[in-house]
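Order of the sequence lines fixes the chain letters, A, B, ..., with proteins taken first and strands second; residue numbering starts at 1 for each chain.
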Amino acid sequence: MGRVKLLREDGLRHDGRKPDELRPIRMQVGVLNKASGSALVEYGATKVLAAVHGPREIPQKHLLLPNRAILRCRYHMLTFSTHERKSPAPSRREIELSKVIREALEPVVMAEVFPRTAIDIFIEVINADGGTRTASVTAASLALADAGIPMRDLVVGVAVGKVDGVLVLDIDEVEDMYGEADMPVAVAPSLGLVTLLQLNGVLTREEFDEALKLALKGAQVIYNIARETLKSRYLGVKVEE
Amino acid sequence: MGRVKLLREDGLRHDGRKPDELRPIRMQVGVLNKASGSALVEYGATKVLAAVHGPREIPQKHLLLPNRAILRCRYHMLTFSTHERKSPAPSRREIELSKVIREALEPVVMAEVFPRTAIDIFIEVINADGGTRTASVTAASLALADAGIPMRDLVVGVAVGKVDGVLVLDIDEVEDMYGEADMPVAVAPSLGLVTLLQLNGVLTREEFDEALKLALKGAQVIYNIARETLKSRYLGVKVEE
Amino acid sequence: MGRVKLLREDGLRHDGRKPDELRPIRMQVGVLNKASGSALVEYGATKVLAAVHGPREIPQKHLLLPNRAILRCRYHMLTFSTHERKSPAPSRREIELSKVIREALEPVVMAEVFPRTAIDIFIEVINADGGTRTASVTAASLALADAGIPMRDLVVGVAVGKVDGVLVLDIDEVEDMYGEADMPVAVAPSLGLVTLLQLNGVLTREEFDEALKLALKGAQVIYNIARETLKSRYLGVKVEE
Amino acid sequence: MSVTPSAEITVPKLRSATILSMLKKGLRASGRGLTDFRPIEIVPGYVPNADGSALVKLGNTVVIAGVKLEVGSPYPDTPNEGALVVSAEFMPTASPTFEPGPPDENAIELARVIDRSLREIKAIDMEKLVIVPGRRVWVVYVDIYVLDHDGNLVDASSIAALAALMDTKLPKVEVDELGNVKVDRNSRSGPLQLRHKVVTVSIAKAENVLFVDPDIEEERVCETKLVITVSDDGRIAGMQKSGLGALSVEEVVRATEIALKVSKDLLVIVEKSLTRPT
Amino acid sequence: MSVTPSAEITVPKLRSATILSMLKKGLRASGRGLTDFRPIEIVPGYVPNADGSALVKLGNTVVIAGVKLEVGSPYPDTPNEGALVVSAEFMPTASPTFEPGPPDENAIELARVIDRSLREIKAIDMEKLVIVPGRRVWVVYVDIYVLDHDGNLVDASSIAALAALMDTKLPKVEVDELGNVKVDRNSRSGPLQLRHKVVTVSIAKAENVLFVDPDIEEERVCETKLVITVSDDGRIAGMQKSGLGALSVEEVVRATEIALKVSKDLLVIVEKSLTRPT
Amino acid sequence: MSVTPSAEITVPKLRSATILSMLKKGLRASGRGLTDFRPIEIVPGYVPNADGSALVKLGNTVVIAGVKLEVGSPYPDTPNEGALVVSAEFMPTASPTFEPGPPDENAIELARVIDRSLREIKAIDMEKLVIVPGRRVWVVYVDIYVLDHDGNLVDASSIAALAALMDTKLPKVEVDELGNVKVDRNSRSGPLQLRHKVVTVSIAKAENVLFVDPDIEEERVCETKLVITVSDDGRIAGMQKSGLGALSVEEVVRATEIALKVSKDLLVIVEKSLTRPT
């Protein structure tokens with residue numbers, strides 16, 4: 001297998017981006033009718049749908065907590081979202097990411113407002129081109145806001161990678177597959193909190209510090225788009241009334 | 001694979017039947033001891049056992065309905081009932097047929113008489129030679145009657161097929177496999193209602209109308225046998241007393 | 001596959017034991033912190049850990065009995081405990097042995113003392129070199145005692161086998177695999193009761209009677225070790241106070 | 001076991017009375033005629049990683065279908081044909097009452113109805129899907145996901161499945177001298193060949209009135225449904241009574257007539273969506 | 001996890017007292033002697049699509065066993081032998097307390113007891129089941145279904161399994177020069193070869209009395225059971241204590257004696273059912 | 001679905017207040033310093049039937065890891081490398097709150113964190129695991145069982161996995177001219193080659209204080225954890241925030257510093273346990 005060249009001679013990435021450049025980001029909220037809240041988020045060709053049901057009562061009473069709402073979260077990939085067809089059975093990866101994404105949202109959801117209820121978050125990866133878990137955090141965050149769930153801050157996600165020895169922002173599938181490291185990060189920028197942090201790959205301490213800074217920078221841009229999306233929807237609703 | 005010839009030169013079918021002729025039909029009720037009701041039904045070499053438990057309380061209270069009994073139905077094939085050994089895991093076909101058969105019985109069972117209970121119908125295909133779902137409807141209907149469940153009518157089933165361009169009644173496995181269409185039908189003859197209708201195959205509108213008539217004709221014959229079977233059992237019980 | 005020779009010319013077994021000789025037996029109780037009781041039992045290279053939780057309440061109320069505690073028992077093999085890696089999915093063998101071991105313990109546990117509770121017994125086979133089910137009975141029995149569950153007697157297990165035509169005590173994996181019969185037995189020696197008895201293989205009636213005697217003889221030795229183990233722990237606790 | 005469903009989301013009594021009393025007069029609460037479909041929007045090629053895909057909106061019902069082609073072995077009894085596998089899932093995004101997990105009987109029934117619609121009439125030219133005769137063929141996976149549920153999932157899914165198949169392009173393959181197949185999904189050898197186009201028309205029955213494309217409220221008050229598959233040459237290519245109730249013979253015949261008529265418009269709509277530049 | 005069972009269907013107190021007090025006197029509520037079996041009816045060849053089958057009624061207990069032969073690979077350590085797979089299911093038709101679903105521990109135990117009964121004594125001549133030495137062999141699937149449960153399922157099942165195996169005829173096979181095997185189930189090459197016949201005899205214990213063939217009421221009041229497999233040459237070919245209670249050593253020995261005696265009659269009954277023209 | 005956990009076993013209020021108020025002062029209820037691990041005991045070769053194994057006690061936490069080598073096919077995209085499969089189970093022996101059954105999300109996360117720790121830095125020399133190039137390779141199964149749970153399962157498991165791998169000896173194999181592989185587990189061809197050694201250091205956060213190796217009570221009162229994998233050459237080879245809470249950027253950086261320092265001692269301890277005569 002020939003080594004894939006991820007950085008071009010002009011220092012740009014295989015798709016023409018600069019190392020610290022995001023892919024085109026698109027967001028839309030309120031895309032579904034039967035959910036309490038929903039959002040569609042695209043990072044380049046990565047396309048993720050999130051829906052929220054709740055806060056609501058559930059038959060599984062033993063799961064509920066007396067002092068807060070529980071979050072239930074499923075990260076799920078459509079079979080045709082990936083290069084090779086994904087088996088419909090839940091993969092260990094999907095189970096892990098469901099947990100990691102839930103734990104990225106827990107710090108900002110004001111769950112104490114709705115004791116003895118469940119807030120259910122369903123994430124469907126429609127097309128996977130790298131960064132699905134970080135786009136999922138962003139989409140889930142928007143869907144929660146769209147559902148009117150009070151939150152301390154929006155959480156947004158972005159991955160930093162290392163390819164051909166260089167740290168790059170918002171890696172896509174090819175960069176993830178052939179790169180040396182993938183570091184997904186989710187942050188609540190106004191709170192200054194990191195709520196998701198994974199590193200798959202190897203970095204020196206210096207590289208790690210730099211990668212973290214790059215992620216924060218990218219997250220801030222995505223955060224601004226997310227807030228803008230919610231604001232224009234809110235304004236839109238106003239106008240319609 | 002050589003094309004199988006399903007109609008002989010004399011216009012009769014591969015087993016010597018005329019196009020509108022049923023296979024030998026045998027029925028027996030009360031064949032099991034521990035069930036509330038039971039029936040064994042044979043259409044030619046197709047052999048189906050149905051058992052009914054209930055109306056009864058069940059631990060899964062959340063399934064129950066306040067204004068009627070629920071029906072629960074399982075269509076299940078023994079591993080050695082088919083030409084090739086059937087895997088013991090429930091197939092998608094078995095799941096679909098369990099639903100289709102339940103929905104064929106729902107219109108005649110007077111479920112409103114037993115609110116907050118379950119009526120369970122277990123169908124075991126002992127030998128499969130075509131027409132198992134329609135024989136199952138007939139057997140389940142007899143088992144329900146044997147269990148003393150009040151019913152608006154008996155439902156009986158029969159399949160019509162198209163083989164070598166000709167519509168034929170009560171198709172067997174070979175005719176199903178190599179024929180052009182298989183149309184299982186279940187009817188409640190006294191009510192004039194079609195309670196199960198599927199078409200697997202392609203028919204013109206004219207063929208469809210003709211096939212439906214043929215099915216109704218066959219169903220009437222089976223209906224008469226079913227009523228005779230119940231009557232003789234009832235008389236038999238009387239005599240024994 | 002060449003026939004394996006299990007008896008040497010001097011009449012000793014492949015590992016140098018006499019026909020009626022046990023392997024080195026080691027027992028230890030209270031080996032775990034979070035369980036109500038626990039024991040580690042070794043018959044030669046066979047190594048089994050048992051833990052008991054309870055008597056305790058459980059969420060599955062429908063399983064509980066009004067007049068006694070229920071026993072719940074799982075016999076489970078670690079994937080690397082066997083020669084070939086064991087699949088992590090529960091095997092039919094594990095399911096059967098869980099039942100057989102539970103039923104070997106039922107006669108001695110004074111379950112009537114703790115109505116409407118569950119006593120849970122978890123057995124982990126760490127290394128399997130023959131006799132895992134009988135070592136499991138012994139370990140479970142010690143773990144129950146360590147948990148302070150009142151018992152009518154200790155139950156201990158040992159297997160007798162037939163190899164090269166000779167009855168031998170406490171067979172190991174090789175003797176089990178290439179021998180002619182394997183007869184695991186568990187007894188409550190003070191009560192004079194056989195609580196587990198299986199025969200996998202073929203014996204004449206005379207051989208069976210002799211095998212049973214040999215098992216009882218071995219069990220008595222194991223019983224003495226088990227009682228000694230509990231006594232020294234009890235004394236040990238005393239001293240520590 | 002198949003269990004009598006509880007009415008998960010009940011339609012308010014007043015609303016359901018309105019729907020039914022209007023139906024009796026041949027009218028629908030939405031203002032639609034009895035044989036009118038809701039607006040249909042089709043976005044072919046919605047999923048780049050699929051070999052073919054379509055997003056379909058039927059009113060507020062949203063369905064995605066995607067096609068993936070995989071190299072596999074042919075069935076022993078059809079060594080020179082490709083294979084077709086249709087599955088469907090009702091996503092928890094689509095309704096507060098849908099639970100995540102493997103497809104339930106409703107999703108399985110839907111998938112099997114669409115599978116038979118495509119299979120019985122040989123909609124796909126299976127013989128064109130042979131890669132190494134007798135040994136390697138294309139397996140066509142059609143996966144249908146219901147994302148938003150506002151009624152008539154079967155027809156929305158059948159339209160999505162058809163549109164996704166019409167959008168499908170076969171990946172290029174290389175076969176070496178040993179018969180090993182190498183797939184290159186970045187190049188395409190051409191579109192999937194369809195011999196027939198089919199759609200389902202679900203006829204709902206309530207108050208002895210038959211009508212098409214029930215929305216979710218109409219579905220909850222109607223007695224039963226008859227799903228009828230119609231092919232582009234006007235034949236009946238499948239049928240399935242679905243739901244608790246029953247139909248008279250006369251109603252069955254009338255439903256068939258409606259389906260044969262309405263299906264023509266549906267096929268035109270699908271056709272157009274695929275040929276317009278997207 | 002194996003769990004102490006709750007007495008799903010309890011025998012009325014008075015009835016259970018009667019059964020036990022009669023047993024104490026060596027009598028049974030049914031009038032049977034302690035070593036009497038209920039009437040046994042065997043219908044070999046009950047299932048045309050099976051390669052061998054038998055319907056067995058033991059009193060009101062009804063069991064079907066069917067045999068299917070499939071071409072498979074031998075186990076690596078026995079390359080020149082066929083394989084045997086025994087399974088059992090307790091059907092929900094058999095008792096209001098049986099749930100549909102995969103076999104529970106009772107069904108698994110039953111299947112494994114019968115599997116070992118047949119396997120350990122090499123009841124089937126496994127070497128006769130080789131089709132292509134080292135590569136293709138017959139796999140013998142014995143599937144047992146309990147249809148009606150009135151006690152003593154193990155013995156009814158062991159009789160059914162034996163009768164089904166005795167009824168089994170091997171399908172004809174053709175092997176081409178490449179070693180590919182083609183099965184023709186419409187012709188038969190001959191009966192399955194059995195080297196030994198075995199039956200189980202389940203001895204129940206209550207009030208320190210041992211008796212055979214317990215019906216369902218007797219099972220519910222008895223303390224434990226000892227299942228003993230006996231071969232046609234009078235050897236003990238398997239054993240399994242099953243149930244909550246225990247036996248004394250003396251009881252074990254006595255149970256063995258009973259089983260050795262009773263088994264002879266059972267084997268004669270099976271033999272006869274298979275040789276009479278059906 | 002991943003669900004917010006209920007605090008299965010709650011720490012008594014007074015105890016939890018003590019732990020937290022001491023932490024605020026930089027002290028721990030156990031008397032340990034903030035960067036002190038509990039005593040570590042490693043027993044390599046604990047399981048004779050494993051190809052490599054280790055029992056690890058970290059305070060009262062007990063974990064067994066075992067390695068089994070099986071001959072398998074390489075992944076298509078790495079035809080000349082062996083494969084690694086890591087799994088973990090939390091045994092019901094370890095805690096009254098653990099249920100038997102397939103691994104839950106916590107066990108799966110733990111296994112995947114350790115899998116990536118080993119995989120990303122290529123700790124195992126995968127190219128040394130080829131038996132028949134392109135066709136047959138060793139698959140390295142690392143199975144981790146938590147037997148007693150007193151907190152910090154990840155670090156105990158990562159130590160156990162590393163020690164088990166260091167204990168692993170490859171079975172001898174013979175390859176015949178047809179490429180068939182025969183394994184002889186009774187002889188060994190040599191130790192498994194490791195290119196790197198890695199351990200995880202889990203940093204807990206409570207009251208804005210960071211500390212290592214939380215015991216079970218500390219885990220229950222802490223807000224979140226950051227698991228950091230460090231390699232023997234002082235690089236960061238993996239990271240995972242785990243738990244409900246969040247960290248500030250400054251805390252992330254500080255945690256990394258702590259992990260880099262502490263990991264050196266851990267690696268020395270593992271190294272020693274494997275070289276001392278056992």
Subject >> Listed partners of V132(D) passing side-chain contact (heavy atoms from CB on, under 4.5 Å), at least two apart >> reply: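 side-chain contact (heavy atoms from CB on, under 4.5 Å) list for V132(D), sorted by chain: R135(D), R136(D), V175(D), V181(D).
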
Subject >> V100(B) vs E109(D) side-chain heavy atoms within contact, under 4.5 Å >> reply: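 The answer is yes, as the side chains (C-beta and beyond) meet within the 4.5 Å cut-off.
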
Subject >> K241(D) and E103(B), any side-chain heavy atoms less than 4.5 Å apart >> reply: yes

Subject >> Selection from R72(B), K99(B), K213(B), R74(B) maximising heavy-atom pairs under 4.5 Å formed with chain D >> reply: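 Result: the option with the highest number of such pairs is K99(B).
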
[atom2] on [Y] to [atom1] on [X], rounded to 0.5 Å:
X: R112(D); Y: L97(B); atom1: CZ; atom2: CG; result: 6.5 Å
X: S6(D); Y: L63(B); atom1: OG; atom2: CG; result: 7.5 Å
X: E207(B); Y: R235(D); atom1: CD; atom2: CZ; result: 8.5 Å

Contacts with chain D made by [range] (heavy-atom distance under 4.5 Å), listed by residue number:
range: residues 106-116 of chain B; value: E106(B), P107(B)
range: residues 185-205 of chain B; value: G192(B), L193(B), V194(B), T195(B), L196(B), L197(B), Q198(B), L199(B), N200(B), G201(B), V202(B), L203(B), T204(B), R205(B)
range: residues 75-94 of chain B; value: R92(B), R93(B)

**OP:** Go through T4(D) and R68(B) one step at a time and tell me if the side chain to side chain contact (heavy atoms under 4.5 Å, CB included) criterion holds.
**Re:** CA-CA 10 Å; T4(D) 306; R68(B) 56 164 291 182; 3.6 Å; yes

Subject >> Segment of T256(D) engaging chain B (4.5 angstrom heavy-atom cut-off) >> reply: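 Just the side chain, heavy atoms under 4.5 Å.
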
**OP:** Could you look at S242(D) and say if it's the side chain, the backbone, both or neither that has a heavy atom under 4.5 Å from chain B?
**Re:** both

Original post:
Would you say K61(B) has more than 12 foreign heavy atoms packed within less than 6.0 Å of its NZ?
Top reply: yes

Original post:
Should we say atom CD of E57(B) is surrounded by more than 12 heavy atoms from elsewhere, each under 6.0 Å from it?
Top reply: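 No, because the 6.0 Å sphere around CD of E57(B) holds 12 heavy atoms or fewer from other groups.
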
**OP:** Name the member of Q240(D), E223(D), E250(D), R119(D) that forms the most heavy-atom pairs with chain B at distances under 4.5 Å.
**Re:** Q240(D)

Original post:
For chain B, which of L260(D), L226(D), L244(D), I108(D) has the most heavy-atom pairs under 4.5 Å?
Top reply: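 Of L260(D), L226(D), L244(D), I108(D), L244(D) has the most heavy-atom pairs under 4.5 Å with chain B.
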
Original post:
What is the minimum heavy-atom distance between L212(B) and V252(D), and which atoms define it?
Top reply: CD2-CG1, 3.8 Å

Subject >> Contacting region of L216(B) [heavy-atom separation from chain D under 4.5 Å] >> reply: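 For L216(B), the side chain is the part near chain D, not the backbone.
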
